[in-house]
*Asks:* 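First, the structure itself, so that you have it in front of you.
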Amino acid sequence: MHPQPCPGEILSSWMVRLAFANGFLLHTFYDKLLGYHTPIWSRDIDRDPPLSLLTLLARHTGHAVAELQALTLLSYQGQLFERPATGHWSWVRPVGVYHRQRKRPGMQFCPLCLAQPPEAYYRLQWRLALYVVCEHHQCLMEECCPACHTPIAFHRHGIGRRKTIDDQALRFCGRCHFDLASMSPVFYAWPDPPSWQRLRHLIAAIEHSPWDCGPLTPPCSLPFFIGVRALIGVLSGRNGRQLRQHLGDALGVEIPWYPPGQHDEFEYQPPAARLILLLAIAWLLEDWPSRFLSLCTQAHFTRSRLAERVGLLPFWLACVADTHLDRRRYLPNAAETHSAGRYLQAKGVPVTPRTLASILGLTTDCMKLVWEQWTGYR
């Protein structure tokens with residue numbers, strides 16, 4: 001039996017359905033029948049699938065290896081992140097693999113999608129932190145079983161002894177067998193329809209969405225998402241307290257934030273918190289950079305708070321920061337200080353820290369710097 005991948009299906013979901021369609025549990029099907037003796041479910045195969053596994057699947061199913069790689073998170077390379085690396089991936093929700101268990105709710109789901117015939121399956125986009133509402137039903141994404149509060153691990157249906165194979169296994173919780181498709185969907189109200197519409201478009205077509213960062217809009221998605229990720233980090237972090245407060249007042253909502261600590265990144269946050277943050281960013285981008293700069297003025301937000309190294313930001317964001325948010329005082333270089341000292345000497349004015357600072361138009365707190373430059377020159 002060769003069930004084809006459903007539209008947008010993720011690799012692990014198809015692999016489970018493939019075994020079940022042939023009437024086997026997972027270990028029996030892949031180890032005994034196909035001869036793949038390396039552990040499969042003790043790693044995140046949707047993020048980093050072994051080439052040997054993809055090659056074996058390609059040989060038995062008739063799909064090209066490239067087609068199978070398109071079912072994995074590697075397909076977002078160049079769109080959401082630059083290159084795969086170990087550890088944390090931007091925009092990808094971690095599943096917390098521990099042996100064959102999943103400790104973190106990295107796989108989200110839409111209960112209405114799981115209820116659709118003919119068969120329940122899981123989508124690739126559901127692993128993205130950007131995917132906070134279902135693009136088809138507009139309901140908030142879910143991340144845990146409401147009955148036992150455990151993360152989604154649908155492969156657990158095919159692991160263990162005395163297990164029976166259910167035709168609709170993937171719509172049930174792998175631990176308590178609760179019917180996930182029976183959950184009542186949650187819909188979120190947002191006061192600004194244009195930003196809601198922008199986020200919907202972004203989710204529906206990541207690589208083709210109207211990014212629109214003003215006249216500096218990049219021609220591809222990667223620099224856009226790097227900048228958005230930086231804005232989210234500031235808005236929800238310790239440097240964005242005043243920014244968060246003024247933005248919340250403007251929208252009439254409370255902007256979530258999380259204190260610094262282990263796993264405080266955006267990708268670890270629940271769907272409701274991520275939704276509000278993304279909608280807030282979408283609101284800022286509606287009239288970029290006017291709204292953002294107005295908010296920064298109210299919050300006294302400066303360039304240094306945006307990023308420790310602004311030069312690493314994409315141009316559309318770094319340019320705004322350099323042009324409008326740079327509040328650093330101008331400090332003369334050594335050559336300018338030397339010229340000012342020589343000018344004072346030519347006019348018969350004693351060269352002192354105070355006269356140097358005055359002729360250079362600096363405040364008194366810069367006197368030490370210019371005096372060190374002058375004495376070092378002499």
Side-chain angles (χ1 to χ4, degrees), residues 1-34 36 39-47 71 93-128 131-134 136-137 139-187 268 270-272:
M1 298 291 292
H2 293 163
Q4 300 301 304
C6 295
E9 187 168 14
I10 196 168
L11 177 67
S12 58
S13 172
W14 176 65
M15 286 180 60
V16 171
R17 293 196 306 108
L18 185 63
F20 289 0
N22 284 277
F24 292 98
L25 297 180
L26 298 183
H27 179 76
T28 305
F29 183 73
Y30 286 101
D31 182 80
K32 306 300 183 183
L33 216 65
L34 300 190
Y36 189 79
I40 296 176
W41 309 103
S42 58
R43 65 187 297 169
D44 187 352
I45 60 170
D46 295 317
R47 198 180 91 153
L71 305 180
R93 302 206 73 207
V95 293
V97 177
Y98 180 74
H99 297 294
R100 292 182 296 184
Q101 300 180 25
R102 302 294 182 262
K103 295 296 185 180
R104 296 193 176 278
M107 175 55 76
Q108 305 173 107
F109 67 94
C110 167
L112 297 180
C113 286
L114 290 182
Q116 287 184 331
E119 188 174 1
Y121 69 95
Y122 286 77
R123 279 70 164 170
L124 177 62
Q125 284 187 312
W126 291 357
R127 280 290 304 275
L128 298 180
Y131 207 95
V132 286
V133 291
C134 175
H136 304 292
H137 303 106
C139 58
L140 189 68
M141 296 297 292
E142 303 289 345
E143 62 177 6
C144 287
C145 170
C148 64
H149 307 292
T150 57
I152 300 303
F154 48 81
H155 68 283
R156 301 292 300 178
H157 288 292
I159 296 176
R161 298 179 179 179
R162 294 185 296 275
K163 286 289 186 79
T164 57
I165 300 174
D166 192 318
D167 291 340
Q168 290 292 324
L170 270 66
R171 67 179 280 164
F172 299 101
C173 172
R175 181 179 180 182
C176 70
H177 214 65
F178 177 84
D179 186 359
L180 301 172
S182 68
M183 294 177 61
S184 298
V186 176
F187 297 93
Y268 287 85

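Heavy atoms only: backbone and side chains are in, while hydrogens, waters and symmetry mates are out.
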*Asks:* Leu112: which residues meet the side chain to side chain contact (heavy atoms under 4.5 Å, CB included) condition with it, sequence neighbours left out?
*Replies:* Cys110, His137, Cys139, Pro185
*Asks:* For the side chain of Arg93 and the backbone of Arg127, is there at least one donor-acceptor N/O pair under 3.5 Å apart?
*Replies:* no
*Asks:* Listed by chain and number, what are the salt bridge (charged side-chain N to carboxylate O under 4.0 Å, His left out) partners of Arg100, not counting sequence neighbours?
*Replies:* none
*Asks:* Could you list the residues that satisfy ring pair (Phe, Tyr, Trp, His ring centres under 6.0 Å) with Tyr30, not counting sequence neighbours?
*Replies:* none
*Asks:* So, Gln4 side chain and His2 main chain: donor-acceptor pair closer than 3.5 Å or not?
*Replies:* yes
*Asks:* So, do Cys173 and Phe154 sit near enough that their side-chain heavy atoms are less than 4.5 Å apart?
*Replies:* no
*Asks:* Please list, chain by chain and in numerical order, all residues satisfying side chain to side chain contact (heavy atoms under 4.5 Å, CB included) with Val97, sequence neighbours excluded.
*Replies:* Asp44, Val95, Arg102
*Asks:* Take Ile40 and Met15, measure what side-chain contact (heavy atoms from CB on, under 4.5 Å) needs, and give me the verdict at the end.
*Replies:* CA-CA 10 Å; Ile40 296 176; Met15 286 180 60; 4.0 Å; yes
*Asks:* What's the spacing between Tyr122 OH and Leu170 CG if we round to 0.5 Å?
*Replies:* 6.0 Å
*Asks:* Run the side chain to side chain contact (heavy atoms under 4.5 Å, CB included) test against Ala272 and tell me which residues pass, sequence neighbours left out.
*Replies:* Leu140
*Asks:* Answer yes or no: is there a donor N or O on one side and an acceptor on the other, between the side chain of Trp14 and the main chain of Pro3, under 3.5 Å?
*Replies:* yes
*Asks:* Can you sort out the partners of Pro111 under side chain to side chain contact (heavy atoms under 4.5 Å, CB included), two or more places apart, ordered by chain and number?
*Replies:* Phe109, Glu142, Met183
*Asks:* Leu18 vs Phe29, test: side-chain contact (heavy atoms from CB on, under 4.5 Å). Steps then yes/no.
*Replies:* CA-CA 9 Å; Leu18 185 63; Phe29 183 73; 4.1 Å; yes
*Asks:* Between Pro5 and Tyr121, is there a side-chain heavy-atom distance shorter than 4.5 Å?
*Replies:* no
*Asks:* Name all residues meeting the ring pair (Phe, Tyr, Trp, His ring centres under 6.0 Å) criterion together with Tyr36; count only those two or more places apart in sequence or in a different chain, and write none if there are none.
*Replies:* none
*Asks:* List for me each residue that meets salt bridge (charged side-chain N to carboxylate O under 4.0 Å, His left out) alongside Arg171, sequence neighbours excluded, and say none if there are none.
*Replies:* Asp179
*Asks:* Listed by chain and number, what are the side chain to side chain donor-acceptor pair (under 3.5 Å) partners of Lys32, not counting sequence neighbours?
*Replies:* none
*Asks:* Do the side chains of Trp126 and Cys113 get nearer than 4.5 Å, heavy atoms only?
*Replies:* yes
*Asks:* Side-chain polar contacts of residues 144-151 - donor-acceptor pairs under 3.5 angstrom, sequence neighbours left out - could you list them?
*Replies:*
none

*Asks:* Strictly by side chain to side chain donor-acceptor pair (under 3.5 Å), give each pair with a member in residues 18-28 just once, sequence neighbours left out.
*Replies:* none
*Asks:* May I have all residue pairs that pass salt bridge (Lys or Arg N to Asp or Glu O under 4.0 Å) and include part of residues 107-123, sequence neighbours excluded?
*Replies:* Arg17-Glu119
